[in-house]
Amino acid sequence: MGVLDGKTALVTGGSRGIGRAIVQRLARDGASVVFSFARDAAAAAALEADVPKATAVQADLAERAAAVALYDAAEQRLDGLDILVNNAGSGTVPVPISRTSDADYDQIMAVNTRAVFTLMREAVTRLRDSGRIVNISTINTVAPTAAAGVHAASKAAIEQFAASAARELGARGVTVNSVSPGATDTDLLHGNNPGIDVSDTVGPITPLGRLGRPDDIADVVAFLVGPDGRWMTGQNLRAGGGLA
Ligand code: NAP
């Protein structure tokens with residue numbers, strides 16, 4: 001018996017990195033999961049093969065219509081949703097505000113903010129009572145680097161969406177929270193830091209002495225969406241090994 005037996009979940013950007021670990025963990029806890037991917041169909045197929053309770057749906061969340069279409073597809077496949085994890089994030093390499101183009105600004109905001117807003121707007125009316133929403137933010141919202149300007153702003157917005165929706169949805173027993181990872185060992189982290197061994201730079205300045213792993217974040221999400229998280233809502237849990 002798993003604590004999420006009979007529950008259904010949508011995890012965006014679930015094919016790689018942190019999202020993949022969340023899909024694996026929720027399925028292990030008993031949930032049936034739809035996860036989205038944007039481009040890497042091979043990674044999505046590999047996860048489907050690995051996790052029988054998980055099904056992939058392609059959705060480029062930079063496209064305006066993609067979020068509602070994804071929610072529709074997940075709801076149809078799973079016959080209703082209990083859990084929404086907004087994990088997909090833009091892979092745009094962070095640059096200071098002075099070097100951020102309009103196109104990069106639009107891409108980051110479209111994926112990190114607008115798509116999360118749209119999926120949450122669907123969830124507010126369509127998620128089942130006692131459901132769960134978790135938005136994956138970043139510790140950059142409390143400890144921004146010079147290159148994190150637009151990225152941090154895009155994530156700060158989804159923390160506020162969560163805090164506000166927690167109040168909107170409390171009467172239905174739905175909890176809404178954010179999880180803010182610190183540096184976590186994924187393709188995104190390494191792609192954002194070309195030529196740098198992030199384990200060597202971030203590990204030593206992290207109080208817990210190493211880079212985060214995707215399952216470090218997935219375990220926090222599992223807490224929030226499972227029965228032990230029932231009294232947590234409107235919160236932002238920083239999961240960064242003490243970095244912020
Ligand atoms: P990742 O390894 O690059 O994986 C990103 C996932 O999101 C993939 O499944 C990818 O699908 C999907 N994705 C990318 N662009 C998308 C788009 N336009 N539309 C829909 N899906 C898209 O990233 P990660 O490091 O696991 O990051 C997951 C989340 O954690 C992000 O929101 C990120 O901002 C946040 N975060 C990460 C770190 C870190 O250090 N890794 C720290 C703080 C916060 P495809 O493979 O098909 O492109």
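Along the sequence shown, residues are numbered consecutively beginning with 1. Here the structure is a predicted model, which is why all the values come from computation and not from measurement. Remember, it's 1-based here, ligands and their atoms both numbered in the order they're listed.
A heavy-atom cutoff of 4.0 Å around ligand 1 is satisfied by the protein residues G13, G14, S15, R16, G17, I18, F37, A38, R39, D40, A59, D60, L61, A62, N87, A88, G89, V111, I136, S137, T138, H151, K155, P181, G182, A183, T184, T186, D187, L188, L189.
Looking at heavy atoms from C-beta onward, R121 lies out of side-chain contact with R126 at the 4.5 angstrom threshold.
Residues G229 and T175 share a closest heavy-atom pair of O-CG2, 4.5 Å. Listed here is the closest heavy atom pair of L78 and S32: CD2-CB, 3.8 Å.
At distances below 3.5 Å, at least one donor-acceptor pair connects side-chain atoms of T113 with backbone N or O atoms of S154. Listed for the T125 side chain is a donor-acceptor partner under 3.5 Å among the backbone atoms of E122.
Listed by first and then second residue, the salt bridge (charged side-chain N to carboxylate O under 4.0 Å, His left out) pairs that reach into residues 158-181 are D129-R172, sequence neighbours excluded.
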